[in-house]
*Asks:* 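The structure's right below; bear with me while I get my questions together.
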Amino acid sequence: MPTALITGITGQDGAYLSQLLLSKGYRVVGLLRRSASSDVVGERLRWLGVIEEVEFADGNMADLSSLIRVVQACRPDEVYNLAAQSFVAASWQQPLLTGSITGLGAANMLEAVRIARPEARFYQASSSEMFGKRQQALQNERTPFYPRSPYAIAKLYAHWMTVNYRESFGLHASSGILFNHESPLRGIEFVTRRITDAAARIKLGLAREIPLGNLEAQRDWGHARDYVQAMWLMLQQTAPDDYVVATGQTRSVRDVCRFAFGHVGLDYREHVTTDPQLLRPAEVDTLTGDAAKARDALGWESRIGFEELLAEMVEADLARHRQALGRG
Ligand code: NDP
Ligand code: GDR
């Protein structure tokens, strides 16, 4: 039975990746940082019904010695480095923390692998945010980067460290440049989930409006369940490499509003307001990924479309709020 170590196991992707790897017969070990609210940190794993099947190991991305100890103890065959301060907007408020966890944290994990388990295969959660200010209509592995936030800059450092450790030390280290992917387990601060949660609350009479920032921003949105498959496929290849993972379809925040509210029979224009406080100091206006390499080399493709994704998210938020109201 192969062993996978996942950092960021309590996040959206960590939960879906755990479910996938368990279904393939892996032993799954997740890095868990100490929290005063440890009773709620496993909520996503619980929602997917896999919390009893994963093992947890104490550690923090900021603490190299903890990472070395975890790697020594669990002896992973595959390491998936998903942990990060992942909210772009927060990275202007906490740029140094973002740099130390999202950037240097990845270097810590690479060092732990290099020191304690160099034969392990390594996955780095890179991001389309590294493309930032658009240099080409479609972004692929050869597109120049132009990061637009402290988060994207930290991810770029982690990405190049991954490439460098592959080239310097021969680590089987791959970087997945993933475009936005969402699900019912998406953090509530991200725009799709803010909108699907608001549509559900407004439909149930729990709220009347939702303030948003830039409605014209465009993203290439896929489903997290599809995207964790690509992570796993990258580590099954003989040679490590970098891959763009995307749907190739771009929609605006306004489209998300239109569809999510429309799904519950509401007109978003009666409920969505705009708040300049939610605009970003430097915006990423539009991103569209070209995942041809992942399709050709990995046989990967995005299956769940935009409307199916949002319908699942709205239905899950309706169910959550109905349950909280005792109408479940
Ligand atoms: P989440 O924000 O849902 O999860 C982040 C995870 O990192 C959580 O498990 C969190 O733990 C953990 N973490 C944060 N700080 C530390 C720390 N100091 N030590 C240990 N663990 C820590 O992110 P997603 O699941 O959405 O994304 C996974 C990864 O992929 C991230 O690196 C993200 O930047 C990247 N990415 C995501 C994309 C997306 O669209 N979702 C697209 C491209 C890249 P805790 O629960 O304790 O907070
Ligand atoms: P993003 O996702 O920054 O692309 O990063 P987010 O959902 O936060 O923003 C997407 C776009 O929507 C605009 N927007 C708003 N965003 C939020 N959060 N809240 C709002 O009210 C709002 N109104 C408009 C934003 O300005 C932006 O243009 C996500 C994260 O998962 C990263 O970790 C990951 O690397 C990238 O996706 C790919």
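All ligand and atom numbering here is 1-based and tracks the order in the structure.
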*Asks:* Check if N180 has a non-hydrogen atom at a distance under 4.0 Å from any atom of ligand 1.
*Replies:* yes
*Asks:* Determine, considering heavy atoms only, which of L82, T98, L97 sits nearest to atom 28 (C) of ligand 1.
*Replies:* L82
*Asks:* Below 4.0 Å from ligand 1: does a non-hydrogen atom of S126 turn up there or not?
*Replies:* yes
*Asks:* Measure V253 to ligand 2 on non-hydrogen atoms and call it side chain, backbone, both or neither using the 4.0 Å cut-off.
*Replies:* side chain
*Asks:* Looking only at heavy atoms of T7, does any of them come nearer than 4.0 Å to an atom of ligand 1?
*Replies:* no
*Asks:* Using a heavy-atom cut-off of under 4.0 Å, does the side chain or the backbone of A217 touch ligand 2, or both, or neither?
*Replies:* side chain
*Asks:* In Å, rounded to the nearest 0.5 Å, how long is the span from CG of N140 to OG1 of T288?
*Replies:* 12.0 Å
*Asks:* Minimum distance, heavy atoms only, to atom 1 (P) of ligand 1: which one of A154, S127, S86 is it?
*Replies:* S86
*Asks:* So, does D317 use its side chain to make a donor-acceptor pair with the main chain of A199 at under 3.5 Å?
*Replies:* no
*Asks:* Check if Y151 has a non-hydrogen atom at a distance under 4.0 Å from any atom of ligand 1.
*Replies:* yes
*Asks:* Once you restrict to heavy atoms under 4.0 Å, what part of R148 touches ligand 2? Side chain, backbone, both or neither.
*Replies:* neither
*Asks:* Within the structure, is a non-hydrogen atom of A89 found at a distance of less than 4.0 Å from ligand 2?
*Replies:* no
*Asks:* Looking at non-hydrogen atoms alone, which of K155, R193, H181, R194 comes nearest to atom 20 (C) of ligand 2?
*Replies:* R194
*Asks:* Give the numbers and elements of all ligand 1 atoms closer than 4.0 Å to a heavy atom of K155.
*Replies:* 31 (C), 32 (O), 33 (C), 34 (O), 35 (C)
*Asks:* Record the part of R219 in heavy-atom contact with ligand 2 below 4.0 Å; permitted values are side chain, backbone, both and neither.
*Replies:* side chain
*Asks:* Please tell me whether Q124 and S175 have a donor and an acceptor in their side chains that are separated by less than 3.5 angstrom.
*Replies:* no
*Asks:* Is it the side chain, the backbone, both or neither of V191 that has a heavy atom closer than 4.0 Å to ligand 2?
*Replies:* both
*Asks:* Tell me which part of E129 gets within contact of ligand 1: side chain, backbone, both or neither, using heavy atoms under 4.0 Å.
*Replies:* neither
